[in-house]
Amino acid sequence: MRAQDGAVLEVNHAFETHLGYRADEVVGKLPAEIGLWADMQVRASIWAQLRADSKVSNLQVRMRHIDGSEVDGELSAELMEHEGQTVVFCIVQNVRPAGTQPLGDNGNESYRALYLAAAEGIYRSLPGAGFIDVNPAMARIFGYPSPERMLRELGRSSGHLIMDPEHRESLHRRLMAGERIKAERIQVRRADGQAIWISENARAVRDGKGNILFFEGTVVDVTAQVLAEEALQQSQALYKVLVESSHDGVFLIQRGVVVFANQSMADILGMTLEALTGSEYMALVAPSDREAQLQRRAQRESGSMDAQRYEINLVRADGVRILCEVVASAVHYRGDIASTGVIRDVTRQRQIEQALKRSEARYRTLVEHSQVGVFISRGDRYVYANQAMLDLLGYDEETLYSMRFEQLVAPELVPVVRQRLAALARNEPIHRDYESCYIRSDGRRVYVTVSIGPIELDGVDHLTGTVRDITQHREAELRLRFHATHDPLTSLPNRPVFQQRLGDMIDAARRSGHHDYAVLFLDLDGFKWLNDSLGHGAGDRLLVAIAGQLAQVLEGRAMLARYGGDEFTVLPTVPCNRERAVEMAQQILAVFEKPFDIGSQQVFSGASVGIVLGREEYTTPDQVLRDADIAMYATKDRGKSGYTIFDEAMHRLARSRFELETDFRRALERGEFEVHYQPIVELETQRMVACEALVRWRHPTRGLLLPDEFLQVADETGMITELDGWVLREACAHVARWRGRFPVLAALRVNVNVDERQLAGKEIVEEVRSVLERNGLPAEALRLEVTETVFRAGRGHAQERLGALKALGVSLVVDDFGTGYSSLESFASSPFDALKIDRGFVRDMESNSRHRAIVRTIAGFAADLGLSLTAEGVETPGQRQLLLAAGCRHGQGYLFSPALPAHEFEALLLEYARAEA
């Protein structure tokens with residue numbers, strides 16, 4: 001029966017058999033309605049016991065058969081949960097005609113059957129001890145396979161099943177005090193250790209004297225219900241936290257009224273939460289958006305469940321108009337449809353987006369119209385290129401984006417590209433600025449500088465950068481570099497390049513212990529006579545013809561260089577012993593057996609060859625070339641047009657050079673050196689503006705020696721630094737005295753040469769400062785001349801020293817510019833003030849168009865870098881005029897004055913001073 005009203009829910013077949021009712025005749029009806037009870041007191045008795053004990057046991061009842069007859073029986077009943085509702089489960093046993101005795105007392109057995117079949121756990125336990133009886137449902141709830149197993153394990157103690165000791169003690173105290181436990185939720189532990197929740201009804205059973213016999217009760221597993229309630233509570237709490245802490249407005253609007261809103265929505269609209277709740281939503285909408293909002297409201301109120309996402313202009317309480325983004329969904333609230341969702345103020349965001357779009361449009365315009373190539377790449381392909389990039393490479397977008405980098409760069413750079421891509425794949429850093437060379441669609445090479453950097457687009461790593469065309473600059477630099485390392489007349493490698501290559505070979509030989517190399521030194525016979533008789537032009541053409549034929553004979557076997565004037569040097573590139581060197585010399589001499597065609601005529605020439613074979617004693621190129629020069633002159637002494645191998649006899653001659661070295665070491669101590677001064681003048685006015693300090697050696701037996709006769713010795717002995725320091729001190733002292741003596745020449749400056757080793761020393765800066773202070777000479781009066789070899793030890797080191805000297809205020813001059821082999825970038829990035837054109841370019845510039853071109857190139861280079869320019873070796877008025885036309889302002893040479901001893905130069909200064917006065 002249903003516990004709520006006693007209506008019959010279900011009857012079994014025995015009910016129909018004994019009482020004659022069909023199930024459909026009684027289900028849903030009260031027993032009283034069908035007249036089931038012969039005595040209505042029975043009904044009251046049943047419900048009284050159910051309310052008191054939740055069960056009825058063996059109650060004698062009399063019921064009516066459908067035909068009106070009466071029957072007796074024993075009724076047992078119990079309250080229990082069934083399919084989500086409380087029911088009364090009833091069993092009537094020993095059904096018999098009214099007034100007859102039962103066939104047997106099997107009431108206890110019937111009750112036991114009910115006990116065993118119950119869905120609720122039923123138990124009896126002793127106070128303070130274990131269980132004395134449990135039904136199968138009880139064992140099943142607590143995870144035991146059978147009641148017997150549960151009684152065996154919990155027969156002595158069962159209190160530990162309750163997980164909370166305080167709760168356990170509380171329940172025990174209440175039962176002992178006579179309290180009935182009803183629907184108490186208790187957390188217990190099953191046999192497998194799992195924690196579950198139960199709902200328990202329990203009471204203490206007492207005897208006639210009031211003593212507690214045992215506890216008995218029922219148990220229902222309510223774990224699922226408890227967990228569901230906890231989840232619901234957590235969900236509700238979480239929802240409340242999210243709504244209350246959300247920065248977005250949360251709302252519920254029904255029939256145009258704001259039923260609910262969180263604080264954020266009130267803040268967005270500049271209202272209090274109390275004022276917002278219950279207000280008309282349409283009153284918050286800007287007039288321009290009301291019609292659209294009315295349509296959305298009509299759709300919702302007509303039953304539309306579609307989500308709505310839109311932007312709308314609302315008006316804050318202070319009258320400020322704001323743009324809001326709204327996402328609303330349909331819900332049923334209190335029997336009517338409503339909208340709930342979130343609202344966000346996107347006014348500032350949209351302003352930023354609009355500004356960003358305008359910025360992007362400006363940026364795109366700049367990029368698209370940039371004269372520099374701009375690109376974005378991913379992996380080994382371009383994914384974007386501006387028009388300048390497309391024009392640079394000569395491809396359209398579709399073609400360029402389909403090509404891999406390897407297809408675009410010069411073939412020799414393909415390995416470099418692969419290495420760079422592999423480094424990127426390994427997330428290794430790469431150089432962000434580098435030079436490269438592309439092959440255009442028409443096959444032409446384009447030299448570029450590339451600057452790249454990482455960028456992330458749509459969550460994917462890309463590279464972006466710029467490409468600048470430096471083809472013209474590169475070609476100009478290559479031309480200048482070529483002229484700096486090659487003879488401008490014959491296009492052969494020049495002296496510095498040959499010496500560098502020879503030095504590398506000597507070093508390799510010393511490391512390996514195999515000195516199987518040789519040098520051949522050629523000097524043309526009678527070349528001066530040819531120049532004097534046919535002119536320098538014919539001499540130049542002869543040199544070109546000879547260089548061409550020698551290069552053809554030696555191709556692939558040796559390096560041929562023009563060492564200077566009519567001198568050539570040969571360095572075999574393969575191991576070379578005496579026999580091979582002689583064979584090569586004979587092949588060279590065979591070239592001179594036939595006449596050379598120099599245009600309109602044919603001329604004969606000869607050559608004297610000196611051969612030096614590698615030896616362990618050689619450590620520098622100068623030593624080898626010195627002995628090759630000795631061997632060459634030995635050939636000339638024997639009649640020219642032949643070859644001579646340097647031998648011990650010549651070696652003995654070289655000892656005299658050693659004596660010169662010995663004398664040189666003592667010369668400083670003996671005061672045998674003196675400084676001569678050569679004027680530096682303005683080419684236009686020939687007015688003296690400076691002078692160059694040039695060292696001379698007044699040898700006790702050999703007389704006055706020029707630098708070419710002893711500077712190599714100074715360099716080889718390592719005393720060049722000491723000598724240069726002495727010259728610096730002498731020159732500064734002289735110029736300081738002259739500036740004081742001749743006020744009209746108070747601006748006179750002096751150029752002093754500084755050797756690369758002197759510049760490399762840490763003490764050079766302090767030495768210059770000390771000399772200037774000691775002589776009271778201003779820093780601007782001193783100009784230090786250095787050659788391109790200053791960069792041999794590394795650009796960074798040289799620039800550091802040059803920068804420190806520049807900081808003192810002295811001027812820095814590059815001497816013999818155009819004869820070295822350092823990069824132009826070294827000069828462009830160094831603090832130089834002036835360049836000096838080497839006398840080799842000036843000497844024949846009247847007849848040599850190549851040299852004139854080089855002078856013009858150097859003059860342009862100096863002008864672009866803002867450098868002053870001085871020409872050395874000016875000997876003729878024609879040279880002076882050509883230099884002026886090229887843009888050179890200053891010069892020095894015999895045309896104006898040779899280098900003079902200090903007392904003679906002082907007399908010259910006196911003349912200048914009188915002329916100026």
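Predicted model only: the values in this text are computed from it and were never measured. Side-chain atoms are counted along with the backbone in the values below, which use heavy atoms only and exclude waters and symmetry mates.
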(Q) If we check salt bridge (Lys or Arg N to Asp or Glu O under 4.0 Å) with Asp833, which of these qualifies: Lys806, Arg783, Arg749? (A)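 Result for salt bridge (Lys or Arg N to Asp or Glu O under 4.0 Å) with Asp833: Lys806.
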Spatial distance of atom [atom1] ([X]) from atom [atom2] ([Y]) [nearest 0.5 Å]:
{"X": "Gln623", "Y": "Leu502", "atom1": "CD", "atom2": "CG", "value": "10.5 Å"}
{"X": "Phe673", "Y": "Leu723", "atom1": "CZ", "atom2": "CG", "value": "5.0 Å"}
{"X": "Glu593", "Y": "Ser605", "atom1": "CD", "atom2": "OG", "value": "13.0 Å"}
{"X": "Leu759", "Y": "Ile764", "atom1": "CG", "atom2": "CD1", "value": "6.5 Å"}
{"X": "Arg474", "Y": "Asp469", "atom1": "CZ", "atom2": "CG", "value": "12.0 Å"}
{"X": "Thr870", "Y": "Leu835", "atom1": "OG1", "atom2": "CG", "value": "9.0 Å"}

Looking at [X] and [Y], what are the two nearest heavy atoms and their distance?
{"X": "His851", "Y": "Phe841", "result": "CB-O, 3.5 Å"}
{"X": "Pro679", "Y": "Met688", "result": "CB-CE, 3.9 Å"}
{"X": "Ala581", "Y": "Ala518", "result": "CB-CB, 4.2 Å"}
{"X": "Pro493", "Y": "Met559", "result": "CB-CE, 3.5 Å"}
{"X": "Leu748", "Y": "Cys691", "result": "CD1-N, 4.5 Å"}
{"X": "Val553", "Y": "Val591", "result": "CG2-CG2, 3.6 Å"}

Q.
I'd like to know whether Glu475 forms a salt bridge (Lys or Arg N to Asp or Glu O under 4.0 Å) with Arg444, so could you lay out the CA-CA distance, the side-chain angles of the two residues, the decisive distance to 0.1 Å, and finally the verdict.
A. CA-CA 13 Å; Glu475 291 174 350; Arg444 289 191 293 116; over 6 Å; no
Quick one: do [X] and [Y] make a salt bridge, cutoff under 4.0 Å?
{"X": "Asp487", "Y": "Arg562", "result": "yes"}
{"X": "Asp816", "Y": "Lys836", "result": "no"}
{"X": "Asp715", "Y": "Arg757", "result": "yes"}

Q.
Under the criterion ring-ring contact (aromatic ring centres under 6.0 Å, His included), I'd like the reasoning laid out for Phe521 against Tyr563: C-alpha separation, chi angles, the key distance, then a yes or no.
A. CA-CA 9 Å; Phe521 197 103; Tyr563 199 69; 5.5 Å; yes
Within the side chain of [X], is there an N or O that forms a donor-acceptor pair under 3.5 Å with the backbone of [Y]?
{"X": "Arg468", "Y": "Val450", "value": "no"}
{"X": "Thr635", "Y": "Ala631", "value": "yes"}
{"X": "Asp525", "Y": "Ala607", "value": "yes"}
{"X": "Thr471", "Y": "Tyr447", "value": "yes"}
{"X": "Gln678", "Y": "Ser897", "value": "yes"}
{"X": "Arg687", "Y": "Val681", "value": "no"}
{"X": "Glu682", "Y": "His890", "value": "no"}
{"X": "Arg850", "Y": "Pro488", "value": "yes"}
{"X": "Arg852", "Y": "Met845", "value": "yes"}
{"X": "Asn494", "Y": "Ala484", "value": "yes"}

For [X] and [Y], test the side chains for any donor-to-acceptor distance below 3.5 angstrom and give the result as yes or no.
{"X": "Tyr618", "Y": "Asp627", "value": "yes"}
{"X": "Glu780", "Y": "Ser811", "value": "no"}
{"X": "Gln892", "Y": "Asn751", "value": "no"}

Do [X] and [Y] come close enough that some side-chain heavy atom pair is under 4.5 Å?
{"X": "Val675", "Y": "Arg696", "answer": "no"}
{"X": "Leu522", "Y": "Ser608", "answer": "no"}
{"X": "Glu674", "Y": "Leu704", "answer": "yes"}
{"X": "Val416", "Y": "Val409", "answer": "no"}
{"X": "Ile588", "Y": "Tyr643", "answer": "no"}
{"X": "Leu625", "Y": "Thr569", "answer": "yes"}
{"X": "Val609", "Y": "Ile611", "answer": "yes"}
{"X": "Phe896", "Y": "Leu683", "answer": "yes"}

Q: Give the intermediate values and the outcome of side chain to side chain contact (heavy atoms under 4.5 Å, CB included) for residues Cys437 and Leu413.
A: CA-CA 8 Å; Cys437 178; Leu413 295 180; 3.9 Å; yes
[X] atom [atom1], neighbour heavy-atom count above 12 within 6.0 Å:
{"X": "Arg557", "atom1": "CZ", "answer": "yes"}
{"X": "Glu555", "atom1": "CD", "answer": "no"}
{"X": "Tyr434", "atom1": "OH", "answer": "yes"}

**Q.** Ring centre gap for His676 and Phe905 strictly below 6.0 Å
**A.**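 Centroid distance His676-Phe905: not below 6.0 Å, so no.
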Q: Would you please indicate if the ring centroids of Phe817 and Phe861 are separated by under 6.0 Å?
A: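 Yes; Phe861 has its ring centre under 6.0 Å from that of Phe817.
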Q: Using the six-membered ring wherever Trp is involved, compare the ring planes of Phe596 and Phe592 and label them parallel, tilted or perpendicular (cut-offs 30° and 60°).
A: perpendicular
Q: Would you sort out whether Leu782 and Val752 count as a side chain to side chain contact (heavy atoms under 4.5 Å, CB included), showing the intermediate values?
A: CA-CA 8 Å; Leu782 177 61; Val752 179; 3.9 Å; yes
Q: Go through Leu728 and Asp724 one step at a time and tell me if the side chain to side chain contact (heavy atoms under 4.5 Å, CB included) criterion holds.
A: CA-CA 6 Å; Leu728 175 67; Asp724 282 349; over 6 Å; no
Q. Yes or no on side chain to side chain contact (heavy atoms under 4.5 Å, CB included) for Ile470 and Val446, after CA distance, side-chain angles and deciding distance?
A. CA-CA 8 Å; Ile470 61 168; Val446 182; over 6 Å; no
